[in-house]
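Because the structure is predicted, anything quoted here is derived from the model rather than measured. Sequence lines set the chain letters: A, B, ... in the order given, protein chains first and strands last, and positions in each chain run from 1.
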2 protein chains.
Amino acid sequence: MNEPANWSEHSARQITAAGLRRSTPRQRVIDLLADRDCAVTALEIDAELEGVGRATVYRAIEQLEDLGLVRKVDLGSSAHGYEKIEPSGHHHHHIVCDDCGKVEPFEDEALEEAIHDIHRKGFRLESHEVTLHGHCADCS
Amino acid sequence: MNEPANWSEHSARQITAAGLRRSTPRQRVIDLLADRDCAVTALEIDAELEGVGRATVYRAIEQLEDLGLVRKVDLGSSAHGYEKIEPSGHHHHHIVCDDCGKVEPFEDEALEEAIHDIHRKGFRLESHEVTLHGHCADCS
DNA sequence: ACTGATACTGAGACTAATTCTCATTTAGTG
DNA sequence: CACTAAATGAGAATTAGTCTCAGTATCAGT
Ligand SMILES: [Zn+2]
Ligand SMILES: [Zn+2]
Ligand SMILES: [Zn+2]
Ligand SMILES: [Zn+2]
């Protein structure tokens, strides 16, 4: 019961609520992110969105990040992408093949529980990122 | 019962075993990493090691990584550093303050168990990285 | 210790990713 | 419609990281 089609609308509303305007270029970035279920890099977005400037793509991502609508994910070998954050809190983590760079999403309830049980005085925890590294079948 | 003073020697031995030579510049990179208990960025190493070229720093890091002597760690906001890998397998993960960028190491046994229980067909898992994000006391 | 083969090195050119600047356009308000 | 400020795109600037290459240093063999 996810709401992939709604994240775009939800984000547009949050953008407005934050006092920002509804511009076409930014909305196109939002729509592209809404369509993807896993990480996309800033340059991929830039390349895919003809007519939208690089600067705009980076700015949009930054704003969405600030509003907690998008999260940055480490994709190994110095690359990183962004993916939408479902308001439900439902999310996944990533396994990356250190040989070919393939990235695969995964979910694990026990892992989530272990993380939720971590408390650190002097820190208000808000999110987490887990990346498993290994070698995929093709690279073994 | 850690062996912080020995990692440097251990690494030097592995370097030799891999057919590489014992050069002073590379050894200086190793020694610097041996001294640190948490992540250092490549540029920090470069800045701290007068007389050692940037290229050499990056090359040394890459070789140490390939030999499994050093691991890359994500430090939030597009920065990443490297830290030595204890032969014992003993390691820590990181909490980063999304406001000021402060990074703090932590260890959690339950988390490690949860991670070790994860199996993914089509993937031979070898290592993992966990980063908790939040706000430190100073930034709240 | 001398020698040769070759790993290693530093300087700086180069590339790629991201940020910044600024003149122009556009959304939203009245 | 008119005004104001947010937003945009082109491209310059900055940063991080990689590559090239001519000279240097390591090490095995003598
Ligand atoms: Zn993903
Ligand atoms: Zn999680
Ligand atoms: Zn650390
Ligand atoms: Zn661990």
Can you name the closest pair of heavy atoms from His90(B) and Glu86(B) and give their distance?
-> O-CB, 3.7 Å

Specify the angle, to 10°, made by the local axes at the two ends of the helix from dA1(C)-dT30(D) to dG30(C)-dC1(D) when five pairs are taken at each end.
-> 40°

Consider only side-chain heavy atoms of I, L, V, M, F, W and Y, link residues closer than 4.5 Å, and tell whether Ile85(B) and Leu111(B) are in one cluster.
-> no

Any donor-acceptor pair under 3.5 Å from Ser11(B) side chain to Trp7(B) backbone | yes

Side-chain donor or acceptor of Glu44(A) paired with backbone N/O of Thr41(A) under 3.5 Å | yes

Hydrophobic cluster membership, Phe123(A) vs Val103(B), 4.5 Å side-chain cutoff = no

Atom-to-atom span, CD of Glu62(B) to P of dT18(D) - whole angstrom = 7 Å

When rounded to whole Å, the NZ to C1' distance for the pair Lys72(A) and dA17(C) reads 12 Å

In whole angstroms, the gap separating P of dT18(C) from NE2 of His80(B) amounts to 10 Å

Could you check how far CZ of Arg28(A) sits from P of dT8(D), rounded to whole Å?
-> 12 Å

State, to 0.1 Å, how close Asp46(A) and Gly53(A) come at their nearest heavy-atom pair, and which atoms those are.
-> OD1-C, 3.9 Å

Got a sec, which pairs hit salt bridge (Lys or Arg N to Asp or Glu O under 4.0 Å) with one end in residues 131-140 of chain A, sequence neighbours left out?
-> Lys102(A)-Asp138(A)

Return no unless some side-chain N or O of Tyr58(A) is found under 4.0 Å from OP1 or OP2 of dT19(C).
-> no

In whole angstrom, give the distance that lies between atom CD of Glu65(B) and atom P of dG17(D).
-> 12 Å

Go through residues 20-27 of chain B and report each residue with a non-hydrogen atom lying under 4.0 Å from DNA chain D, sorted by number.
-> Arg21(B), Arg22(B)

Check: residues 65-73 of chain B side-chain donor-acceptor pairs under 3.5 Å, at least two apart:
none

Can you label the angle between the His128(B) ring and the His93(B) ring as parallel, tilted or perpendicular, going by 30° and 60°?
-> tilted

Please name the pair of heavy atoms, one in Cys136(B) and one in Ser140(B), separated by the smallest distance, quoted to 0.1 Å.
-> O-OG, 3.1 Å

Kindly indicate whether the side chain of Arg59(A) and the base of dG9(D) share any N or O donor-acceptor pair separated by less than 3.5 Å?
-> yes

Interface residues of residues 43-56 of chain B with DNA chain D (non-hydrogen, below 4.0 angstrom) = Leu43(B), Arg54(B), Ala55(B)

Using whole Å, report how far CD of Gln63(B) lies from P of dA7(C).
-> 12 Å

N/O donor-acceptor pairs under 3.5 Å from side chains in residues 24-32 of chain B, not counting sequence neighbours:
unit_1: Arg26(B); atom_1: NH1; unit_2: Gln63(B); atom_2: OE1; d: 2.8
unit_1: Arg26(B); atom_1: NH2; unit_2: Arg21(B); atom_2: O; d: 2.6
unit_1: Gln27(B); atom_1: NE2; unit_2: Ser8(B); atom_2: OG; d: 3.3
unit_1: Gln27(B); atom_1: NE2; unit_2: Asp31(B); atom_2: OD1; d: 3.0
unit_1: Arg28(B); atom_1: NH1; unit_2: Glu50(B); atom_2: O; d: 3.0
unit_1: Arg28(B); atom_1: NH2; unit_2: Glu50(B); atom_2: O; d: 3.4
unit_1: Asp31(B); atom_1: OD1; unit_2: Ser8(B); atom_2: OG; d: 2.8

